[in-house]
Participant: 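Take a look at the following structure, please.
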Amino acid sequence: MPLKIHNTLSRLKEDFVPHAPGRVALYVCGPNLYDPIHVGHAFSYIVFDTVKRYLRLRGYQVRHVQNFTDIEDRIIAKAQKDRVTIEALAGTYIARFLDEMDALNVERADAYPRATGVIPQIIEITRGLIAKGFAYAIEGDVYFRVRQDPDYGKLSHRALDAMEAGARIEIDPRKEDPMDFALWKASKPGEPSWDSPWGKGRPGWHIECSAMNWVEHGDQIDIHGGGQDVIFPHHENEIAQSEAFTGKKPFAKYWMHNALLRLADDTSAEDKMSRHVGNTLWVKDALARHAPDAIRLYLLSTHYRTPLAWTDADVDAAARGLERLRAAVKDASPFHGAPRDVTLLQWADQTREKFVAAMDDDFGTPQAIAALHDLAREINRARGASAAAETLAPAQATLRELAGVLGLTLAEPESKMLQAAPFIELLIETRRQLRAAKQFALADQIRGELAKLGVVLEDGPQGTTWKAG
RNA sequence: GACGCCGUGGCUGAGCGGCAAAAGCACUCGGCUGCAAACCGAGUUAUCACCGGUUCGAAUCCGGUCGGCGUCUCCA
């Protein structure tokens with residue numbers, strides 16, 4: 001069975017066949033560096049991190065490129081407001097971005113090109129487009145001539161004439177068509193600028209992605225990803241520029257767009273999370289409240305093309321579900337009573353099949369997660385029946401591996417009570433002796449008092465363990 | 001106005017023409033335990049928004065209604 005991917009271009013699920021067998025060129029839209037990222041961004045990056053991990057499980061060699069847009073109107077404005085250079089501003093947010101991605105177990109991309117790093121190529125593409133009649137220069141600006149591109153609108157499925165009716169920005173009378181967009185903008189005094197054949201200026205908003213793709217991947221790529229909010233105009237324009245410049249179609253074979261995360265606010269109205277609207281939850285704040293695994297499990301529990309409204313209560317519910325998966329991969333029982341049982345192995349194999357079938361269908365993470373829960377239950381059941389370690393281990397390895405495809409570590413959360421550990425162990429030992437002496441009232445008191453301090457004791461056949469509650 | 005998306009048990013959320021409508025959270029009862037927790041088992045909440053149609057058969061397809069949402073040069 002082939003992997004199927006929903007392609008925004010065709011609005012259909014298509015069999016995935018990359019240009020080069022076994023290799024995938026993946027480009028994911030990265031952040032504009034004028035602010036930290038919020039969990040909506042993180043959702044997109046987690047989705048495509050999962051896509052990448054799954055492609056690898058499917059045997060593909062993936063080259064993943066993610067851009068940093070470090071020159072743009074808002075960045076310039078923010079840098080001026082903060083009285084720093086755009087380089088310094090970008091550097092600050094890039095460092096923070098990488099830290100936050102690491103924390104969320106989002107694998108690093110193979111390359112992180114920056115818009116300001118591809119200025120010569122941007123100029124080259126712009127010149128090429130002018131030479132081919134796809135662009136024109138006016139007073140230091142260069143615009144793309146949308147009427148020259150008969151395919152314009154094919155990604156967002158819009159007709160040029162229909163769009164003009166809804167245009168709500170002031171029309172620049174110098175442009176041949178209101179929909180023509182800037183490839184290069186003449187710089188205003190005090191703004192960062194680069195020399196070009198059209199005078200001092202800087203890139204428009206869309207051209208940098210065409211240039212970075214061209215530099216990192218070449219004329220054509222396999223998968224281009226991003227949020228649904230950048231389908232138009234950003235990706236539409238990117239296609240127009242790239243295909244007009246290289247003459248090769250399609251620029252990207254599969255366009256994947258994740259639905260937008262919403263944030264339920266106090267009035268219970270749910271709006272798209274957006275830096276412009278102001279209803280954002282910074283990744284940093286989300287990480288302060290929730291474990292990375294819980295955040296990922298929560299975000300992936302809905303299909304990536306279905307809108308999701310973030311609530312802390314739902315993330316907490318996901319965290320409790322995560323506990324079951326964690327419990328299943330804990331150390332196997334050291335008892336050797338039961339014979340090695342093949343039933344559990346069959347469950348593991350079946351889970352792998354269900355997982356792959358779910359992910360093959362346009363990355364069906366909700367069903368993939370359900371399969372993981374099914375396997376966890378079987379493992380726990382087998383352990384409850386005193387299954388031997390060698391029976392549990394292969395199934396646990398499968399669970400770990402598949403959870404890993406979703407970027408879940410299943411690691412115990414870092415204890416904030418490491419300092420207290422020796423004292424807790426001491427209390428546990430004291431309590432063990434009390435229990436041995438049937439002094440249950442005192443033993444229960446210790447357990448109860450520790451619980452109040454956020455330490456949960458669990459008595460098992462092999463003794464008592466504790467965790468931060 | 002144009003182009004789309006969504007409405008499934010208390011909550012989250014799969015399924016998208018035909019096995020008893022996944023899975024998680026919550027809840028109830030039972031097992032295990034000195035008692036708990038964790039885990040396991042059993043179970044309760046579903047007129048699949050509403051109306052009509054197509055079909056042997058629809059949550060799933062078609063038409064309409066109501067409600068919610070996205071994009072239409074700020075946006076992951």
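Proteins come first, then strands; the chains are lettered A, B, ... in the order of their sequence lines, and each starts at number 1. As the structure is a prediction and not an experimental result, all values here were calculated from the model.
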Participant: When the P atoms of A37(B) and A26(B) are considered, how many whole Å apart are they?
Facilitator: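 Each nucleotide's P atom is 12 Å from the other's.
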Participant: From CD of Glu458(A) over to P of A38(B), roughly how many Å is that when rounded to an integer?
Facilitator: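 For the pair Glu458(A) CD and A38(B) P, the rounded distance is 7 Å.
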Participant: Let's see if you can work this out: which of G41(B), A14(B), A38(B) has an atom nearest to the side-chain heavy atoms of Ala327(A)?
Facilitator: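 Of G41(B), A14(B), A38(B), A38(B) is nearest to the side chain of Ala327(A).
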Participant: Check every atom of C3(B), C74(B), A76(B) against the side chain of Arg11(A) and return the nucleotide holding the closest atom.
Facilitator: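 Of the candidates, C3(B) comes closest.
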Participant: Provide the distance between the two C1' atoms, one in C62(B) and one in A20(B), to the nearest whole Å.
Facilitator: 29 Å
Participant: Using Watson-Crick and G-U wobble pairs whose two distances are both under 3.5 Å, how do you write the pairing of RNA chain B as dot-bracket, with | for links to another strand?
Facilitator: ((((((((.[[[..)..(....]]].(((((.......))))).....[[[[[..)....]]]]])))))))....
Participant: Ignoring the backbone of Asn32(A), work out which of A36(B), A76(B), A14(B) is nearest its side chain.
Facilitator: A76(B)
Participant: Quick one about Glu208(A) and Thr69(A) (side-chain donor to acceptor, distance below 3.5 Å, no hydrogens or angles considered), yes or no?
Facilitator: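 Yes, a side-chain donor-acceptor pair sits under 3.5 Å.
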Participant: Under 4.0 Å: is that the gap between some side-chain N or O of Arg324(A) and OP1 or OP2 of G24(B)?
Facilitator: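 Arg324(A) to G24(B) OP1/OP2: side-chain N or O found under 4.0 Å.
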Participant: Roughly how far apart, to the nearest Å, are A38(B) and C27(B) at atom P?
Facilitator: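 A38(B) and C27(B) have their P atoms separated by 10 Å.
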Participant: Does Arg383(A) make a side-chain N or O approach to OP1 or OP2 of C39(B) shorter than 4.0 Å?
Facilitator: no
Participant: Residues in side chain to side chain donor-acceptor pair (under 3.5 Å) with Asp312(A), at least two apart?
Facilitator: Arg289(A), His290(A), Trp310(A)
Participant: Across the strands shown, which category fits Phe440(A) at heavy-atom distances under 4.0 angstrom: base, sugar-phosphate, nothing?
Facilitator: base
Participant: If each of Asp374(A) and Phe48(A) is mapped to the nucleotide of RNA chain B with the nearest heavy atom, which maps nearer the 5' terminus, i.e. the 5' end?
Facilitator: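 Mapping each residue to its closest nucleotide by heavy atoms, the 5'-most match is Asp374(A).
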Participant: Check RNA chain B against residues 351-362 of chain A and give the residues with a non-hydrogen atom under 4.0 Å, in numerical order.
Facilitator: none
Participant: Atom NE2 of His257(A) to atom P of C72(B): distance rounded to whole Å?
Facilitator: 13 Å
Participant: Where along residues 313-322 of chain A does a heavy atom come under 4.0 Å from RNA chain B, residue by residue in number order?
Facilitator: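 Hits under 4.0 Å, by residue number: Asp314(A), Ala317(A), Arg320(A), Gly321(A).
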Participant: What integer number of Å spans the C1' atoms of A22(B) and U65(B)?
Facilitator: 31 Å
Participant: Distance between the C1' atoms of A21(B) and C75(B), in whole angstroms?
Facilitator: 38 Å
Participant: Return yes if some donor-acceptor pair links the side-chain N/O of Arg96(A) with the main-chain N/O of Ile37(A) below 3.5 Å, else return no.
Facilitator: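 Not a single qualifying donor-acceptor pair exists.
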Participant: To the nearest Å, give me how far apart CG (Leu442(A)) and P (G34(B)) are.
Facilitator: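 Between P of G34(B) and CG of Leu442(A): 18 Å.
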Participant: Determine: side-chain N/O of Arg305(A) to OP1/OP2 of C5(B), distance under 4.0 Å, yes or no.
Facilitator: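 It does not, given that no N or O in the side chain of Arg305(A) lies less than 4.0 Å from OP1 or OP2 of C5(B).
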Participant: Just jot down the ring-ring contact (aromatic ring centres under 6.0 Å, His included) partners of His303(A), sequence neighbours excluded, or say none.
Facilitator: none
Participant: Quick one: which of C74(B), G13(B), C35(B) gets closest to the side chain of Asp459(A)?
Facilitator: C35(B)
Participant: For nucleotides G70(B) and G53(B), find the distance between their P atoms and express it as a whole number of Å.
Facilitator: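 After rounding to an integer number of Å, I get 35 Å for this pair.
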Participant: Would you mind classifying the nucleic acid contact of Gly384(A) as base, sugar-phosphate or nothing, using non-hydrogen atoms under 4.0 angstrom?
Facilitator: nothing
Participant: Describe the nucleic acid contact of Arg377(A) in one word from base, sugar-phosphate, nothing, applying a heavy-atom distance below 4.0 Å.
Facilitator: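 Sugar-phosphate only.
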Participant: Rounded to whole angstrom, note down the C1' distance from U55(B) over to U60(B).
Facilitator: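 My reading of the C1' atoms in U55(B) and U60(B) gives 13 Å.
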Participant: Tyr45(A): what forms a side chain to side chain donor-acceptor pair (under 3.5 Å) with it, not counting sequence neighbours?
Facilitator: none
Participant: Is there a donor-acceptor contact under 3.5 Å from the side chain of Thr398(A) to the main chain of Pro394(A)?
Facilitator: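 At least one qualifying donor-acceptor pair exists.
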Participant: For residues 41-53 of chain A, which residue pairs pass the salt bridge (charged side-chain N to carboxylate O under 4.0 Å, His left out) check, not counting sequence neighbours?
Facilitator: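 Qualifying pairs, neighbours excluded: Asp49(A)-Arg53(A), Asp49(A)-Arg296(A), Lys52(A)-Glu107(A), Arg53(A)-Glu107(A).
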Participant: Give one of base, sugar-phosphate or nothing for Gly30(A), where a contact means two heavy atoms less than 4.0 Å apart.
Facilitator: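 Result for Gly30(A) = sugar-phosphate.
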Participant: Between Leu160(A) (CG) and A2(B) (C1'), how many Å, whole number?
Facilitator: 13 Å
Participant: Describe the nucleic acid contact of Arg432(A) in one word from base, sugar-phosphate, nothing, applying a heavy-atom distance below 4.0 Å.
Facilitator: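 Counting heavy atoms under 4.0 Å across all strands, no contact is made by Arg432(A).
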Participant: Would you kindly give the CG-to-P distance between Leu308(A) and A14(B), to the nearest whole Å?
Facilitator: 9 Å
Participant: Mind checking ring-ring contact (aromatic ring centres under 6.0 Å, His included) for His235(A) and listing every partner two or more places apart, or none if nothing turns up?
Facilitator: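 If we apply the ring-ring contact (aromatic ring centres under 6.0 Å, His included) test to His235(A), skipping adjacent residues, the hits are His224(A), Trp255(A), His257(A).
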Participant: Thr302(A) has a side chain; which of C74(B), U73(B), A14(B) sits nearest to it?
Facilitator: A14(B)
Participant: Is any side-chain N or O of Asn380(A) closer than 4.0 Å to OP1 or OP2 of C40(B)?
Facilitator: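 Looking at the OP1 and OP2 atoms of C40(B), one of them is under 4.0 Å from a side-chain N or O of Asn380(A).
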Participant: Would Arg158(A) pass as a cation-pi partner of Phe232(A), given that its NZ or CZ must be under 6.0 Å from the six-membered ring centre and within 45 degrees of the axis?
Facilitator: yes
Participant: Report yes if a side-chain nitrogen or oxygen of Trp205(A) is closer than 4.0 Å to either non-bridging phosphate oxygen (OP1 or OP2) of C75(B); otherwise report no.
Facilitator: yes
Participant: What's the gap between C72(B) and G13(B) when it is taken at their C1' atoms, as a whole Å value?
Facilitator: 30 Å
Participant: With Phe43(A), which residues qualify under ring-ring contact (aromatic ring centres under 6.0 Å, His included), at least two apart?
Facilitator: none
Participant: With sequence neighbours left out, which residue pairs that include part of residues 297-310 of chain A fulfil the salt bridge (charged side-chain N to carboxylate O under 4.0 Å, His left out) condition?
Facilitator: Arg305(A)-Asp362(A)
Participant: Please report, rounded to the nearest Å, how far the C1' atom of U71(B) is from the CZ atom of Arg262(A).
Facilitator: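 Value for this atom pair: 14 Å.
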Participant: Is the backbone of Gly153(A) close enough, under 3.5 Å, to the side chain of Glu236(A) for a donor and an acceptor to pair up by distance?
Facilitator: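 Yes, the answer is positive, given that a donor and an acceptor are paired below the 3.5 Å cut-off.
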Participant: Which is more 5' along RNA chain B, the nucleotide nearest Tyr45(A) or the one nearest Thr306(A)? Just name the residue.
Facilitator: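 Closer to the 5' end of RNA chain B: Thr306(A).
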Participant: Rounded off to whole Å, could you give me the CZ-to-P distance for the Phe363(A) and A14(B) pair?
Facilitator: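 Distance check: Phe363(A) CZ to A14(B) P gives 16 Å.
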Participant: Mind checking side chain to side chain donor-acceptor pair (under 3.5 Å) for Asn7(A) and listing every partner two or more places apart, or none if nothing turns up?
Facilitator: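 Side chain to side chain donor-acceptor pair (under 3.5 Å) list for Asn7(A), sorted by chain: Glu14(A).
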Participant: Between the side-chain atoms of Arg158(A) and the base atoms of A2(B), is any donor-acceptor pair under 3.5 Å?
Facilitator: no
Participant: Going by modelled atom types, is there a donor-acceptor pair between the base of G34(B) and the side chain of Asp444(A) at under 3.5 Å?
Facilitator: yes
Participant: Keeping Asn67(A) on the side-chain end and Gly30(A) on the backbone end, is there a donor-acceptor pair under 3.5 Å?
Facilitator: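 Yes.
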Participant: I need the NE2-C1' distance between His373(A) and A14(B), as an integer number of Å.
Facilitator: 13 Å
Participant: Mind checking what makes side chain to side chain donor-acceptor pair (under 3.5 Å) contact with Glu216(A), not counting sequence neighbours?
Facilitator: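 By the side chain to side chain donor-acceptor pair (under 3.5 Å) rule, Glu216(A) matches Arg63(A).
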